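For reference, the structure discussed in these notes is given below.
Since the model is a prediction, treat every value here as computed from it, not as a measurement. Every chain is numbered from 1, with letters handed out A, B, ... down the list of sequences.
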Number of protein chains: 2
Amino acid sequence: MSTTSSALVRKLNQFFPLGEAEIQEIHALERESRVVSAGTELVYERQTAHRAFIVKDGWAVAYKMLPDGGRQVIDFAIPGDFIGLRSVLLRTSDHSFAAITDIEVSEVPARKMMETFERLPRLGAAVLWAASRDEAMVVEHLVSVGRRDALHRLAHLLVELGLRLELVGLATPKGFACPLNQYLLADALGLTAIHVNRVLRTLRERKLVTMRQSEVVFHDLEGLRALASYHGGYLDQGGQRDD
Amino acid sequence: MSTTSSALVRKLNQFFPLGEAEIQEIHALERESRVVSAGTELVYERQTAHRAFIVKDGWAVAYKMLPDGGRQVIDFAIPGDFIGLRSVLLRTSDHSFAAITDIEVSEVPARKMMETFERLPRLGAAVLWAASRDEAMVVEHLVSVGRRDALHRLAHLLVELGLRLELVGLATPKGFACPLNQYLLADALGLTAIHVNRVLRTLRERKLVTMRQSEVVFHDLEGLRALASYHGGYLDQGGQRDD
DNA sequence: CGGCAAGTTGAACCGCCTCAATGACGGTGG
DNA sequence: CCACCGTCATTGAGGCGGTTCAACTTGCCG
C-alpha cells in the first residue's frame with residue numbers, strides 16, 4: 001500500500017483498518033473532482049440533494065442562518081470529511097454549506113455510494129463510523145456553547161481542530177494552518193468577533209496558543225488541553241472496539 | 001388496522017406509512033417491557049451497550065456532565081422515542097440517559113434490531129428517518145443555545161415539545177402534561193433555573209404560555225410560535241418526500 | 001407537623017455585547 | 001507609485017442579559 005494522498009483514506013484507515021480493495025474504491029470515488037471557489041454555497045438549507053461531497057482539499061463550513069441575520073456554525077469540514085453525508089444516508093440536509101477557502105471536492109451521487117457500501121460493507125461501516133463521529137462532535141459542540149465560558153469554548157475548539165487535522169496529516173502538536181477568521185470562530189462559538197478577539201489575546205498572553213495570519217501555533221498544548229478539559233475520545237476512538 | 005396504543009407506531013406511521021407487517025413487528029419488539037423508576041440512569045457515558053430502548057411511557061433525558069458539575073441536556077425522550085439508538089446503529093453512546101419520570105421501556109438488542117431491519121427494510125428506513133430527525137433536533141438545539149436569547153430559546157423548546165407530543169397523541173394545541181422542572185429546562189437551554197423562572201413569568205405575563213404544576217398550557221400558540229420563529233420542518237416532514 | 005424538593009423573588013455582580021474608532025494589510029486603479 | 005478601497009484585527013467605554021447569592025414560599029409526602 002503506497003503512502004496515499006487521500007485525506008479520507010488516511011482518516012478512515014487510522015481507526016478502521018481498510019483493505020486494499022476499500023482503499024482503491026475510495027480512490028475511485030475521488031478520481032474526479034472539481035474546485036469550488038471560496039465563499040460559494042455548496043448545499044442550501046432544506047435542499048434535498050441526493051449526493052454528498054468528499055473534501056479533498058480546503059475548508060468548508062456547515063451553518064444555519066436565523067431570521068435576524070445571525071448565523072450559527074454547526075461544524076467545519078476539513079480534508080477527508082464528507083459534506084452532506086446525511087442527505088445521502090437519510091433524506092434532507094437541514095443546514096447550509098459554504099466553501100471557506102477554495103476547495104477541491106469529489107461529488108458522490110447517493111446511488112453510487114449505496115451501491116459501493118453494498119459491495120464493500122467494511123467501507124460502509126467505516127463511513128458510518130465517520131458519520132457517527134461527526135454527530136458526536138455536534139453534541140460536544142452543544143455542550144461547549146451551552147455550558148462553557150468563552151475561554152474554554154475557544155480552547156476546546158482549537159484543540160479539537162488540531163486533533164482532527166493531525167489525523168489527516170495537516171497539523172502537528174506545534175500547530176496548523178487555519179483559514180478561519182474571527183467572524184467564523186465567533187459564529188461557531190456563539191460569541192461576537194470582538195469578544196473572540198479579546199479571548200484570543202488572553203490565550204496568547206497566557207502563552208497557550210497564538211493565532212495570527214492564518215496560522216495557529218500551540219505554545220503549551222498540554223496546558224491548553226487541560227484548560228479545555230479535553231478528552232475527545234469521540235475523535236480518536238476506533239470503530240473496532242467492541243467491549 | 002386497530003387504533004394502536006404504541007406511540008412509536010403512531011409516530012412512524014404518521015409520516016412514513018407502515019404496512020400491517022411492520023406494525024405487527026413493532027408490537028412484537030415492544031411486547032416485553034419493564035419499568036424504570038424516576039431518576040435511574042439508563043446508559044452511562046462512553047458505555048458500549050449494544051442495545052437500545054424504546055420508550056413506551058414516561059420521559060427520559062439525554063445529557064452530558066462537565067468536570068465542574070455542570071450539566072448540558074442534549075435531548076428529552078418522550079414516548080415513541082428511542083434511547084441509545086446510535087449505540088446500536090453505530091458503536092458507543094457518548095452521553096448519559098436518565099429517567100425523568102417512571103418510564104416503561106422495551107429493550108431491543110442490537111442483533112435483533114439489525115435482523116428486523118433486514119427482514120423489513122421499510123421499517124429500517126422509518127427508524128433511520130427517526131434517527132435523522134433526532135439529529136436535526138440536536139442541530140436546532142445548538143442553534144438555539146448559540147444564537148437565541150433566553151426568551152426565544154424557551155419558547156422554541158416549548159413549541160417543539162408540544163409538536164413532538166402531538167405526533168404521539170400526548171398533546172393538543174391547548175397544551176400538554178410536562179414533568180420537566182425548571183432545573184431540567186435550565187440545563188437544556190444553557191441557563192440558570194432562576195433565570196428560567198423569570199423567563200417563564202415573562203411568557204405568562206405576555207399571555208403566551210403558562211407552565212404550572214406539571215402542565216404546559218398554551219394561551220396563544222400562534223404568538224408563541226412566531227416568537228420562537230419556529231418552522232420545524234425537521235419534525236413533521238415525512239421521509240417519503242423525494243423531490 | 002416536620003422535612004425536603006421545587007418555585008419565586010430581590011440585589012449585586014460580571015461576562016459578553018454594542019457601538020464606535022483606529023490600525024494593518026493587500027488589491028486596484030489613476 | 002501612491003491614493004483609495006474593502007476586509008479583518010484590535011482596542012476602549014458603556015450597557016444589558018444572565019448569573020450568583022441569599023432569602024422566603026409553596027406543595028407534597030411520611
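Residues of residues 70-77 of chain B having a heavy atom closer than 4.0 Å to DNA chain C: none are found.
Scored by the salt bridge (Lys or Arg N to Asp or Glu O under 4.0 Å) test, A/D187 finds A/R71, B/R147 as partners (sequence neighbours excluded). Taking the side-chain hydrogen bond (donor to acceptor under 3.5 Å, both in side chains) definition, one finds that B/S214 meets it with nothing, sequence neighbours left out. With sequence neighbours left out, the side-chain hydrogen bond (donor to acceptor under 3.5 Å, both in side chains) criterion links B/S106 to no other residue. Qualifying side-chain hydrogen bond (donor to acceptor under 3.5 Å, both in side chains) partners for A/D102, counting only residues two or more places apart in sequence or in other chains: none. Residues meeting the ring pair (Phe, Tyr, Trp, His ring centres under 6.0 Å) test with B/H156, sequence neighbours left out: B/Y230. Applying the side-chain hydrogen bond (donor to acceptor under 3.5 Å, both in side chains) criterion to B/K56, with sequence neighbours excluded, gives no partner residue.
Looking at B/E107, its side chain never comes within 3.5 Å of a backbone N or O of B/A52 through a donor-acceptor pair. Using modelled atom types, one side-chain atom of B/R153 and one backbone atom of B/R148 make a donor-acceptor pair closer than 3.5 Å. Not one N or O on the side chain of A/T210 forms a donor-acceptor pair closer than 3.5 Å with the backbone of A/V217.
For residues 188-207 of chain B, every residue pair satisfying the side chain to side chain donor-acceptor pair (under 3.5 Å) rule, not counting sequence neighbours, is listed here: B/Q182-B/N197. Sorted by first and then second residue, the pairs that involve residues 170-192 of chain B and meet ring pair (Phe, Tyr, Trp, His ring centres under 6.0 Å), not counting sequence neighbours, are B/F176-B/F218.
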Do nucleotides 3-11 of chain C as a string where each nucleotide becomes B, S or -: B if the base has a protein heavy atom under 4.0 Å, S if just the sugar-phosphate does, - if no protein is that close.
---SSBBBB
Distances for protein N or O near nucleotides 14-16 of chain C N or O, under 3.5 Å:
residue	atom	partner	partner atom	Å
C/dC16	OP1	A/A150	N	2.9
C/dC16	OP2	A/H195	NE2	3.3
C/dC16	O5'	A/H195	NE2	3.4

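Donor-acceptor pairing under 3.5 Å is lacking for the side chains of A/S229 and A/H152.
Counting 5' to 3', DNA chain D first comes under 4.0 angstrom of a heavy atom of chain A and last does so at the ends given by D/dC8 to D/dA13.
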